[in-house]
Number of protein chains: 2
Amino acid sequence: MISSAPIACQACPVADRAVCAALSQDDRDSLVRMGRQRRYARGETIVAAGDATTVCATLTRGAAKISTIDQDGTERIVALIHPAGLLGQPLASSETLHVTALTDSEACLFPRGQFEALIEARAALAKRLLAEVSRELVESRNLIDLISKRHAKGRVAALILSFFRAAGHASYPGEIAFDLPLKRGEMAQLLGLSIETVSRTLTSLENEQAICREGSHGILIRSLDTLAAHAA
Amino acid sequence: MISSAPIACQACPVADRAVCAALSQDDRDSLVRMGRQRRYARGETIVAAGDATTVCATLTRGAAKISTIDQDGTERIVALIHPAGLLGQPLASSETLHVTALTDSEACLFPRGQFEALIEARAALAKRLLAEVSRELVESRNLIDLISKRHAKGRVAALILSFFRAAGHASYPGEIAFDLPLKRGEMAQLLGLSIETVSRTLTSLENEQAICREGSHGILIRSLDTLAAHAA
DNA sequence: CGGCTGATTGAATTGTGTCAATCCATGTGG
DNA sequence: CCACATGGATTGACACAATTCAATCAGCCG
């Protein structure tokens, strides 16, 4: 068990983008008092299926996946969360959703009941939350956009582009390196492909000079255009 | 152009489930005054890409799809909306999303600015909206769950089950018929398959007694178990 | 070092996309 | 009322892409 600590907003890398930004100093103080900050190692569970009704959180550092587990134990990824994103929506039942850290991560956890009470009391927070959930909805639809392509190369290219954009370097020229915090199996599952196809597709993209692989998760983009062409 | 009319909440089939249900009589009256009710024929555009920033709406009858169009003109469906669902999220930029009626439908349209002002003023509306958008987010993730399967039969079976559930008959025994308001091309596009594969998969499901087709859109479920097994 | 997990590669099989023909329902105009 | 055109759905044949099974490889930790 990794230790949890009081929340320190001054040091928060997403203080301006997270939903808490909507609050007055006073309200934020009371939110801080009821929340906890916690670190997670890669692979660690952040919110288990049962807890989803009792807790919600903001991811401050790292990356996370939201997934379901069906009866025969197969995991199915349904969302990827980047810093400032929400883990466990308030006001929505999601008893079957697991949240897991994809890389070493950090999050601020809030008791769901108290958090919802604060929503009730502060219209600004509700509005900000609404905006955030709407944003996640748009992202989720982008994800659907990704995977409803007919060919493996298109899906993989689109996934790479999506992480590239999430990493922040919106539209740089030249070569950019970043991390793809998913294992092959996770990519495969998300894209509806087999592990081997993902692997082969990546080597194929590398052979045609679209990307370079660095280790198993590092990606260096050599030709945005080629990727975009495949993803189209 | 089909005529638009003042909103009549007494006759609204989703008055209890739609977001407007959160409002007091007075507030609802003012919402009614700024909104318009309108009918749409199958295939008709409800919200065009550009309008998405100026209007939002509640679907009261029928079914709709939300889609993007990429540069080479290919449409890509990213969500399916059922009655009481939202068309065009307030507070989220979605300039590239088209909304189209899948069947003859009806919706209440609201000017986005005025609607957002009302959100600002009425916490209950914001909370209700938040709940609705969260629900759509869950549904969107279900959709991802649908299509991130590796085999065509699983995807098609899961889509049928999803519409079956949305149609309301949660868990009936025996044979149930309902309508699948998507053309083959739309199903294909959504599931990342070709039209022909969708067609062949349906005949295959029919051959193994899982479903019966009635016309091109009617589905009669003969074996929920078989479908569920494929969708697993 | 040996055992582990994850990634890659190869060869054979199966599934899916593509192209093309046909079918069916619907609607239109003569 | 029929002939015809139209858009969608279905079916077949073939090529190609993806899955499967199996072997190998690379990195990591005890």
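In what follows, chains are A, B, ... by sequence order, proteins preceding strands, each numbered from 1.
- Between the CG atom of B:L146 and the CG atom of B:L80 there is a distance of 9.0 Å, given to the nearest 0.5 Å.
- Under the side chain to side chain contact (heavy atoms under 4.5 Å, CB included) criterion, B:C108 pairs with B:I7, B:Q37, B:T60, B:F110, sequence neighbours left out.
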From CA spacing to verdict: side-chain contact (heavy atoms from CB on, under 4.5 Å), A:L109, A:R38 = CA-CA 8 Å; A:L109 302 164; A:R38 179 136 148 43; 4.3 Å; yes
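- With sequence neighbours excluded, the residues satisfying side chain to side chain contact (heavy atoms under 4.5 Å, CB included) with A:D179 are A:P181, A:H217.
- Applying the side chain to side chain contact (heavy atoms under 4.5 Å, CB included) test to B:T226 and every residue at least two apart in sequence or in another chain returns B:E208, B:A210, B:S223, B:H230.
- Partners of A:R76 by salt bridge (Lys or Arg N to Asp or Glu O under 4.0 Å), not counting sequence neighbours, listed by chain and number: A:D70, B:D145.
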Full working for side-chain contact (heavy atoms from CB on, under 4.5 Å) between A:L129 and A:F115 | CA-CA 11 Å; A:L129 256 180; A:F115 194 67; 3.9 Å; yes
Decide yes or no on side-chain contact (heavy atoms from CB on, under 4.5 Å) for A:L220 and A:I176, but give the supporting numbers first.
-> CA-CA 5 Å; A:L220 188 140; A:I176 306 110; over 6 Å; no
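- Residues passing the side chain to side chain contact (heavy atoms under 4.5 Å, CB included) test with B:A64 are B:I46, B:L59, B:I81, B:L87, B:V99, sequence neighbours excluded.
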Shorter than 3.5 Å, N or O on both sides, protein versus nucleotides 13-16 of chain C: list them out with atom names.
residue	atom	partner	partner atom	Å
C:dT16	OP1	B:A152	N	2.7

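- In this structure, the helix from C:dC1-D:dG30 to C:dG30-D:dC1 shows an angle of 30° between the axis at its start and the axis at its end, each fitted on 5 base pairs and rounded to 10°.
- Put simply, CD1 on A:I144 and CD1 on B:I77 are 10.5 Å apart, with the number rounded to the nearest 0.5 Å.
- When the side chain to side chain donor-acceptor pair (under 3.5 Å) test is applied to B:T201, no partner is found at least two apart in sequence or on another chain.
- If you measure from atom CZ of A:R42 to atom P of C:dT5, you get 15 Å, rounded to the nearest angstrom.
- Listed by chain and number, the residues in a salt bridge (Lys or Arg N to Asp or Glu O under 4.0 Å) with A:R17 amount to none (sequence neighbours excluded).
- Of the residues in residues 202-218 of chain A, A:T203, A:R213, A:S216, A:H217 come within less than 4.0 Å of DNA chain C through at least one heavy atom, sorted by number.
- The nucleotide range of DNA chain D contacted by chain B, defined by atoms under 4.0 angstrom from heavy atoms of the protein and reported 5' to 3', is D:dG8 to D:dT20.
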Would you mind writing out the side-chain donor-acceptor pairs for residues 191-200 of chain B within the sub-3.5 Å range, not counting sequence neighbours?
residue	atom	partner	partner atom	Å
B:S194	OG	B:T197	N	3.2
B:S194	OG	B:T197	OG1	2.9

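- The distance from atom CZ of B:R184 to atom P of C:dA25 is 14 Å, rounded to the nearest whole Å.
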